[in-house]
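Have a look at the structure below before the remarks.
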Amino acid sequence: VFKRFVEIGRVAFISFGPHAGKLVAIVDVIDQNRALVDGPCSGVRRQAMPFKCMQLTDFVLKFPHSARQKCVRLAWEKENINEKWAATRWAKKIEAREKKAKMTDFDRYKVMKAKKMRNRIIKHEMKKLQRMSSKKGKKPEKSEKPEKAEKAPKSAKVQKAQKAQK
Amino acid sequence: AASEKKPGEKAPGEKKPGKKKTGENKPAEPKGSQGEVGEKKKKVKRHHASRNPVLARGIGRYSRSAMYARKALYKRKYTAPETKIEKKKKEKPRATITKPVGGDKNGGSRVVKIRKMPRYYPTEDVPRKLLSHGKKPFCQHKRRLRASITPGTVLILLTGRHRGKRVVFLKQLATGLLLVTGPLVINRVPLRRAHQKFVIATSTKVDISGVKIPKHLTDAYFKKKRLRKPKHQEGEIFDTEKEKYEITEQRKADQKAVDSQILAQIKKVPQLRGYLRSTFCLSNGVYPHKLVF
């Protein structure tokens with residue numbers, strides 16, 4: 001039922017507080033509410049931090065408890081946590097949210113146009129398939145095609161969104 | 001302090017007015033520099049300190065006549081007093097004028113005073129108005145412009161018949177209103193004035209640096225014309241008022257001149273034309289204070 005545990009070396013994401021948005025590694029547990037935490041590669045000094053503001057990630061590092069910052073840093077860089085984190089969906093969602101908040105009025109217009117175009121393409125394809133299937137009776141092809149059609153217009157929309165957020 | 005000025009001993013060319021700086025006077029007076037430049041440049045005029053010690057603020061130790069003597073102004077006369085002949089020769093403004101008068105046996109002309117005595121003296125005097133400070137008329141007010149509004153910015157109009165439309169800002173006029181254009185072919189907004197307060201400035205800008213805006217587009221050009229000739233009776237007043245606004249040829253020409261330049265710049269940015277054609281609106285979940293414009 002629980003998959004991520006508080007353990008030595010668990011990488012956590014700080015959700016609020018002065019270091020909101022940064023990754024840290026749990027070095028030691030102080031008591032029921034606090035942990036000794038260190039983020040050498042993310043700009044967080046070694047300090048006590050309450051568990052409440054930490055959200056556990058999937059990454060675990062290997063170092064002994066109360067290891068000094070140098071060891072934590074070595075373990076962090078060996079595992080390449082920064083890159084692995086940027087590749088996770090969690091980090092990408094955060095990034096997308098930030099970009100959306102920074103959109104200007106012109107960007108919003110461009111995204112609206114891109115979405116409209118994409119939806120039109122998808123709807124067009126769907127209608128085509130529906131017509132085909134209704135004419136010739138139920139066919140197994142119908143389930144395969146919508147996925148392929150969606151992938152093509154999706155990339156166009158992502159490109160537009162990226163261009164807008166530039 | 002030994003005074004350097006000994007006018008009796010100086011050469012005859014030295015007639016500089018040695019202005020003495022008192023403690024209360026402003027020291028910003030020019031030192032008679034025109035006379036100094038032509039004549040001796042070596043002598044630096046040193047000003048004496050105030051010869052009138054201060055007893056309390058605004059009160060000096062010596063009277064006017066005592067100061068006259070102390071400053072030796074009897075020696076420092078630079079112009080001769082005006083003689084009676086000079087006074088008589090001075091040009092005085094005309095006091096009377098002779099005007100022709102019509103009619104028979106009237107003598108032909110009258111001598112009339114130019115500045116006449118008042119024809120009415122009020123029984124009660126009007127009390128003096130208190131001095132007011134810093135109340136300027138509208139034409140002298142300081143005009144401000146938000147830093148986010150620069151020539152070429154796309155603005156969103158919030159009031160008026162063009163509310164919600166996105167327009168291009170051209171310049172600020174003398175009264176502080178913003179000169180704005182659609183351009184007309186894009187969103188039917190002509191060259192128009194808009195108020196700074198009722199406008200949202202977006203961060204989208206069009207490069208207008210090369211665009212020349214005609215000089216005759218001022219506030220007077222855009223001001224609404226009202227004809228006021230209340231000589232008619234009640235019934236006719238409503239007919240003469242110009243209800244229907246007619247677009248003059250000059251406006252069309254000006255619109256074309258400005259818009260052609262701007263459209264060229266708009267075409268360079270992809271999708272900008274469609275953006276200017278669209279209108280701004282809020283929908284569910286959209287909060288203006290959270291939007292970045």
Side-chain angles (χ1 to χ4, degrees), chain A residues 13-22 53 55 86 89-127 149-166, chain B residues 146-158 162-169 180 182-183 186-187 189 194 198-208 262-263 265-293:
Chain A
F13 172 80
I14 304 177
S15 53
F16 62 84
H19 296 287
K22 297 185 188 154
C53 69
Q55 293 175 350
R89 283 180 177 260
W90 187 347
K92 287 188 193 148
K93 272 191 269 176
I94 294 171
E95 203 204 324
R97 215 180 301 141
E98 282 172 14
K99 281 203 177 147
K100 191 174 181 191
K102 268 197 256 163
M103 267 202 290
T104 75
D105 196 42
F106 191 22
D107 293 335
R108 262 174 261 130
Y109 169 78
K110 288 192 243 183
V111 165
M112 181 263 284
K113 283 286 175 193
K115 267 190 183 172
K116 211 170 164 185
M117 207 191 311
R118 173 186 177 225
N119 289 338
R120 206 164 271 179
I121 295 169
I122 294 173
K123 217 187 283 183
H124 183 65
E125 288 296 319
M126 274 301 288
K127 288 282 194 254
E150 265 190 58
K151 293 260 166 80
K154 213 186 216 174
S155 58
K157 191 224 163 174
V158 167
Q159 280 168 30
K160 280 255 161 135
Q162 283 172 358
K163 198 167 60 160
Q165 286 137 23
K166 184 191 46 166
Chain B
R146 293 206 293 249
S148 52
I149 302 180
T150 63
T153 312
V154 173
L155 306 173
I156 301 176
L157 299 177
L158 295 173
H162 298 289
R163 61 195 86 105
K165 292 204 180 158
R166 298 182 170 104
V167 291
V168 176
F169 167 67
V180 130
I186 294 183
N187 52 18
V189 176
F198 302 109
V199 132
I200 295 180
T202 65
S203 50
T204 318
K205 303 213 193 276
V206 182
D207 187 11
I208 272 201
I262 296 179
L263 277 170
Q265 298 297 325
I266 289 178
K267 286 215 165 84
K268 292 186 186 166
V269 182
Q271 297 191 304
L272 187 59
R273 194 164 191 273
Y275 175 57
L276 290 174
R277 286 191 71 199
S278 65
T279 51
F280 174 77
C281 59
L282 296 172
S283 58
N284 261 355
V286 176
Y287 306 110
H289 69 289
K290 292 225 156 146
L291 287 180
V292 167
F293 283 102

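Order of the sequence lines sets the chain letters (A, B, ...), proteins ahead of strands, with each chain counted from 1. These figures come from a predicted structure and were not determined experimentally.
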Taken to the nearest 0.5 Å, the spacing of B:L291 CG from A:M103 CE works out to 9.0 Å
Rounded to the nearest 0.5 Å, the CZ atom of B:F280 sits from the CG atom of A:D105 at a distance of 6.0 Å
Bottom line for B:I156: the part with an atom under 4.5 Å from chain A's heavy atoms is side chain
Would one find more than 12 heavy atoms of other residues, nucleotides or ligands at under 6.0 Å from atom CZ of A:R120? no
Distance col, row A:R108:CZ vs B:S278:OG, nearest 0.5 angstrom, shows 11.5 Å
**Close side-chain approach of B:V269 to A:F106, heavy-atom, < 4.5 Å** = yes
Heavy-atom closest pair (B:S203 atom, A:T104 atom, distance to 0.1 Å) is OG-CG2, 3.4 Å
When rounded to the nearest 0.5 Å, the distance separating OG1 of B:T204 from CG of A:D107 is 7.5 Å
